[in-house]
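Working notes, structure below.
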Amino acid sequence: MPSFPQFRPRRLRRTAALRRLVRETWLNPAQLVLPLFVRSGTGVREPVGSMPGVDQTSVDELLRDAREAASLGVGGVLLFGIPDRKDATGSEAWNDDAPVQQAVRALKRDVPGLVVITDVCLCEYTDHGHCGVIKDGDVDNDATLELLAREAVSHARAGADIVAPSDMMDGRVLAIRSSLDMHGFKNTPILSYAAKFAGPFYGPFREAAESTPQFGDRRAYQMDSANAREALREVRLDIDEGADMVMVKPAGPFLDVIARVRDETTLPLAAYQVSGEYSMIQAAAERGWIDGERAMMDSLLAIRRAGADIIITYFARQAARVLRQEQQA
Ligand code: PBG
């Protein structure tokens with residue numbers, strides 16, 4: 001390898017055309033997924049205070065957002081539901097007429113080109129806000145599996161293209177796979193939130209999804225942020241149980257984990273740029289402390305560069321717009 005003055009790395013940075021030619025990593029709207037929050041009613045659009053640009057909507061309004069995303073080339077949507085009623089087991093989660101199930105049917109009818117992914121978890125549906133049923137003050141793993149399986153089957157019955165369990169119970173991928181197969185949904189893939197870390201970055205989401213735990217926190221089921229080797233064990237377990245795709249979450253603070261999981265598996269790898277990552281950029285941009293658009297694009301590029309195929313991000317539409325402008329430029 002020759003060194004200076006024979007070799008000058010700046011030669012390839014001189015023009016935009018040269019930089020474009022040697023660019024190693026590209027973002028594509030087809031691999032962005034937009035999370036959406038759906039509740040009952042019509043004409044409902046409730047802004048989420050902690051997430052500027054994100055709303056809770058009824059199904060009719062959700063269709064407008066989804067159509068816009070599809071027209072920008074965004075690959076898919078990830079649905080979260082806000083139920084009318086919460087109870088101890090989260091039983092609205094497997095109600096075939098609840099907002100998520102209605103939204104799935106409407107999306108498959110009206111925006112068929114978009115991949116519809118549903119988040120499978122109980123925290124939005126339980127009155128205590130935990131991701132499973134409580135026994136003796138603790139989230140009971142095995143009693144929760146059956147309920148998650150019912151929820152996943154209900155989503156598949158509505159027509160979901162992919163179900164995505166985010167609860168972090170042990171054995172849930174196997175339980176969901178078995179139940180889907182038994183109910184005739186052998187072709188419904190599972191995107192497992194395989195390495196999901198507990199922490200502060202989900203704060204704004206809990207306002208959006210109305211899913212704040214009423215006591216304690218999620219550290220007895222979500223992973224400890226310090227553990228990268230354990231993330232690989234979680235990924236291997238979920239793959240053994242039948243996951244078709246795996247996810248690392250959050251994304252930006254866990255780029256090393258994304259890179260290690262990339263080396264570990266040939267399956268499609270998703271990363272979730274979560275609410276806190278989104279809101280930090282939005283808040284700094286609102287104050288004029290950062291160029292929000294460039295920070296958005298750099299944060300997404302970093303996640304791609306680390307090795308994620310698919311990025312779940314609240315920026316999906318804005319990023320798709322920027323990518324389209326870049327292409328036309
Ligand atoms: C449900 C779930 C959460 C997120 C996705 N699915 C919240 C949590 O675990 O508390 C967070 C997404 C985000 O912060 O954007 N368990």
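In each ligand, atom 1 is the first atom listed, and ligand 1 is the first ligand listed. Positions are given from 1 along the sequence.
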Check: Counting each atom of ligand 1 from 1 as listed, which ones have a heavy atom of K196 under 4.0 Å away?
Finding: 1 (C), 2 (C), 3 (C), 6 (N), 8 (C), 9 (O), 16 (N)

Next item on the list: Please report which non-hydrogen protein atom sits nearest to atom 4 (C) of ligand 1, along with the residue it belongs to and the distance in Å to one decimal place.
Entry: K249 NZ, 2.6 Å

Next item on the list: Please say whether E124 places an N or O atom under 3.5 Å from an N or O atom belonging to ligand 1.
Entry: no

Checklist line | Contacting atoms of ligand 1, where contact means under 4.0 angstrom from a heavy atom of S166 | finding: 1 (C), 2 (C), 6 (N), 16 (N)

Next item on the list: Determine whether any heavy atom of Y278 lies closer than 4.0 Å to an atom of ligand 1.
Entry: no

Item checked: N28/Q31 under side chain to side chain donor-acceptor pair (under 3.5 Å): CA gap, chis, key distance, verdict -> CA-CA 6 Å; N28 184 340; Q31 292 190 304; 5.5 Å; no

Check: Relative to ligand 1, is Y314 under 4.0 angstrom through side chain, backbone, both or neither, heavy atoms considered?
Finding: side chain

Margin query: Using only atom types and a distance under 3.5 Å, with no angle test, would you say the side chain of S58 pairs donor to acceptor with the backbone of G43?
Written below: yes

Margin query: I'd like to know if M168 contacts ligand 1, where contact means a heavy-atom distance under 4.0 Å to any ligand atom.
Written below: no

Item checked: Atoms of ligand 1, numbered as shown, that sit under 4.0 Å from any heavy atom of C123 -> 1 (C), 16 (N)

Notebook entry, point to check: Going by the atom numbers of ligand 1, which of them fall below 4.0 Å from some non-hydrogen atom of Y272?
Noted result: 12 (C), 15 (O)

Check: In terms of residue, atom name and distance, what is the protein heavy atom nearest to atom 12 (C) of ligand 1?
Finding: F205 CD1, 3.3 Å

Next item on the list: For C121, take its heavy atoms, then give the atoms of ligand 1 lying under 4.0 Å from any of them.
Entry: 1 (C), 16 (N)

Margin query: Between ligand 1 and Q222, is the shortest N or O to N or O distance under 3.5 Å?
Written below: yes

Notebook entry, point to check: Hey, are T42 and D60 close enough side-chain-wise for a donor-acceptor pair under 3.5 Å?
Noted result: no

Check: Relative to ligand 1, is S275 under 4.0 angstrom through side chain, backbone, both or neither, heavy atoms considered?
Finding: both

Next item on the list: Go through the side-chain N and O atoms of E277 and S299 and say whether any donor and acceptor fall under 3.5 Å apart.
Entry: no

Checklist line | Verdict with supporting geometry, D110 and R64, salt bridge (charged side-chain N to carboxylate O under 4.0 Å, His left out) | finding: CA-CA 10 Å; D110 290 3; R64 296 155 70 110; over 6 Å; no

Next item on the list: Go through the steps for I190 and L180 under the test side-chain contact (heavy atoms from CB on, under 4.5 Å), then give the verdict.
Entry: CA-CA 10 Å; I190 298 176; L180 286 172; 4.1 Å; yes

Notebook entry, point to check: Is K249 positioned over the aromatic face of Y202, cation under 6.0 angstrom from the ring centre and no more than 45 degrees off axis?
Noted result: yes

Margin query: Assigning hydrophobic clusters by single linkage (Ile, Leu, Val, Met, Phe, Trp, Tyr; side-chain heavy-atom cutoff under 4.5 Å), is I303 placed with M280?
Written below: yes

Next item on the list: Please check if the side chain of D224 supplies one atom and the backbone of A226 the other of a donor-acceptor pair under 3.5 Å.
Entry: yes

Check: With backbone taken as N, CA, C and O and side chain as the heavy atoms from C-beta onward, which portion of D167 lies under 4.0 Å from ligand 1: side chain, backbone, both, or neither?
Finding: neither

